[in-house]
Trainee: 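One structure coming up, written as structure tokens, with questions to follow.
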Number of protein chains: 2
Amino acid sequence: MATAHAIQQQSALSRARPPVGLRRPAAPQFENDAGLVPILPGITTELHRIGCPVAAERGQEICIAGAPADHVYKVVDGTLRISRLLPDGRRHIANFLTQGDFFGFSDIGDYTYSLEALTDCALIRYPRRRFDAILEHDPQAGRQMFRLLCRQFNAANELLMTLSRKTAAERIATFLLTMIHRQGSQDGRQLMLAMPRVDIADHLGLTIETVSRVVTQLRQRRLIDLRGSNDVAILNRDALEELAGD
Amino acid sequence: MATAHAIQQQSALSRARPPVGLRRPAAPQFENDAGLVPILPGITTELHRIGCPVAAERGQEICIAGAPADHVYKVVDGTLRISRLLPDGRRHIANFLTQGDFFGFSDIGDYTYSLEALTDCALIRYPRRRFDAILEHDPQAGRQMFRLLCRQFNAANELLMTLSRKTAAERIATFLLTMIHRQGSQDGRQLMLAMPRVDIADHLGLTIETVSRVVTQLRQRRLIDLRGSNDVAILNRDALEELAGD
DNA sequence: CGAGCTCTTGATGTGGCTCAAGAATCGTGG
DNA sequence: CCACGATTCTTGAGCCACATCAAGAGCTCG
């Protein structure tokens, strides 16, 4: 069945950006160790000391599914995707990460998902052992991480409902509303999608063509408008929510 | 599209078993407060004091999606399902719970899923406030719950991969292997499914008819055998794993 | 033994996939 | 600043996996 767009995408990316190791930014474009803005108040104190700021370029593969999960990452800036491949190349994107999201604390042994930068990114990298040790001792940090994991768990369940029972149009509507919601944008009407259609398709269990067609329909029905394929304006949010269902 | 089997199922159950409040078992069929076997060593000590053993009958709705999440539950015995409905009645079953699984600690306000007993069940019910308080103070308990939540999160992600990119046959194969795995059965060849076809369908994003047809195919291909529609024998596990993919 | 389920099987329909070809957009170098 | 190659996006035609609709066959339990 799925002649994998995933593979094309995959190789396209690595052709464009040969995988290089993570580098500490020479001149960090974001707040560094000393002046790091605590994104999650209360946890930075303990974890701050073991966190190492790193930069990743657009297209870079930061973690590979199957590799030992030696680090936990926090997103400071940029957008990333968490993805996984079936042996034959079919791909699923579990989620997109933005500021404040964590990656990697859900595995004991190896990463089950790959982490790839959709845009240039700023991250904090924590050594896994020390990270765990802090969670062990510091109830505050532990509690914070627990809440974060709960949020991720809820998000995963939302997506499950979407993938198991919603139509293509409903999935796209749900996706757009989620994106609007989490970027907490200005008036909630303007949305810049950091990901291409392939990624949206692989996130929602659709094909790139279906995503494209549905977006066109939504535009024709005046629920949204596009100026540039990634620049979405929400014209009729109520109708979009109606369409998205629950 | 989906003329909801969900609704039929729903009303069938409540017709059979009118929703009654949870009762403490008159004569508990399972180890009670005093002699409760710690399912998860290390956490029972603290949480034990606030846990109240309750029994639920087959078909009983224990928590309703949308209601205030006042309690956390631990499964001692039996099988339950976690489900949610779209406004038009399409249903998704996020997971099935068995011994040692928890429900309800992922929500701040209301339950987002309903909890229903597939068989007669024994549960421990924890008041949410006190449960949270213990997690706050006791790093041991917190850490244990964190790990459990991680497992649930990983399970959810597995299902996401399944729902987004696998075919009907692959989904069923994956499901059977998961069920085999978690029941840790005798020789890993015999499987008693506690749930009817409708529930499997609503878990895997399929219809009851498709589930039935695929099961028939698997039997014809000698991957499994049935004696009774819920009594599954795994004849060729390798082929089943091959089929399930990753 | 029979009413009410649940499960199976068949016939037909359709939403979204596949295959194919342009159109827009982006990045790069002249 | 523009040309052009590469990539991404859109659109169309046809097809297929699974849904829907419809019956009948087992179970189960009173």
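Residue numbers start from 1 in every chain, and the chains themselves are labelled A, B, ... in the order their sequence lines are given, proteins ahead of strands. Everything numeric here is computed off the predicted structure, so don't read it as measured data.
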Trainee: Return the value, rounded to whole Å, for the distance between atom CG of Asp199(A) and atom P of dT7(D).
Mentor: 16 Å
Trainee: For Ser212(B), answer base if it contacts any base atom (sugar-phosphate contacts may also be present), sugar-phosphate if it contacts only those atoms, and nothing otherwise; contact means non-hydrogen atoms under 4.0 Å.
Mentor: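 Ser212(B): base contact, heavy atoms under 4.0 Å.
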Trainee: Quick one: do the Thr98(B) and Gln183(B) side chains pair a donor with an acceptor below 3.5 Å?
Mentor: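 No pair is found: no donor N or O on one side chain lies under 3.5 Å from an acceptor on the other.
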Trainee: Rounded to whole angstrom units, what separation is found between the CD atom of Glu209(B) and the P atom of dG24(D)?
Mentor: 16 Å
Trainee: How long is the line joining CD1 of Ile224(A) and C1' of dC9(D), in whole Å?
Mentor: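 Answer to the nearest Å: 14 Å.
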Trainee: Grab the CZ-C1' distance between Arg213(A) and dT8(D) for me, whole Å please.
Mentor: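 So the CZ-C1' distance, Arg213(A) to dT8(D), works out to 15 Å.
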Trainee: Would you kindly give the CD-to-C1' distance between Glu170(B) and dC18(D), to the nearest whole Å?
Mentor: 14 Å
Trainee: Hey, are Arg237(A) and Glu241(A) close enough for a salt bridge, meaning a charged N less than 4.0 Å from a carboxylate O?
Mentor: yes
Trainee: Would you tell me if any nitrogen or oxygen in the side chain of Thr210(A) comes within less than 4.0 Å of OP1 or OP2 on dC17(C)?
Mentor: yes
Trainee: With a 4.0 Å cutoff (strictly under), does any side-chain N or O of Asn230(B) reach OP1 or OP2 of dC7(C)?
Mentor: yes
Trainee: Calculate the interatomic distance between Leu206(B) atom CG and dA19(D) atom C1'; express it in whole Å.
Mentor: 10 Å
Trainee: Can you check whether Thr207(A) has a side-chain N or O nearer than 4.0 Å to OP1 or OP2 of dC17(C)?
Mentor: yes
Trainee: Is it true that the side chains of Asp231(B) and Gln190(B) contain a donor and an acceptor less than 3.5 Å apart?
Mentor: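 Gln190(B) and Asp231(B) do have a side-chain donor-acceptor pair below 3.5 Å.
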Trainee: Just how far, in rounded Å, is P of dT7(D) from CG of Leu118(A)?
Mentor: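 Between P of dT7(D) and CG of Leu118(A): 17 Å.
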Trainee: Using OP1 and OP2 only, check whether a side-chain N or O of Arg197(B) sits under 4.0 Å from dT8(C).
Mentor: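 Looking at the OP1 and OP2 atoms of dT8(C), one of them is under 4.0 Å from a side-chain N or O of Arg197(B).
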Trainee: Is there a side-chain polar atom (N or O) of Thr216(A) under 4.0 Å from OP1 or OP2 of dT10(D)?
Mentor: no
Trainee: Quickly, which of Arg90(A), Arg91(A), Arg197(A) forms a salt bridge (charged side-chain N to carboxylate O under 4.0 Å, His left out) with Asp202(A)? Name it, please.
Mentor: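 Among Arg90(A), Arg91(A), Arg197(A), the one meeting salt bridge (charged side-chain N to carboxylate O under 4.0 Å, His left out) with Asp202(A) is Arg91(A).
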Trainee: Tell me: CG of Asp231(B) to P of dC27(D), nearest whole Å?
Mentor: 12 Å
Trainee: Output the distance between atom SG (Cys63(A)) and atom CG (Leu80(A)), rounded to the nearest 0.5 Å.
Mentor: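 Reported value, rounded in 0.5 Å steps: 9.5 Å.
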Trainee: Of Ser229(A) and Ala169(A), whose nearest nucleotide on DNA chain C comes first from the 5' end?
Mentor: Ala169(A)
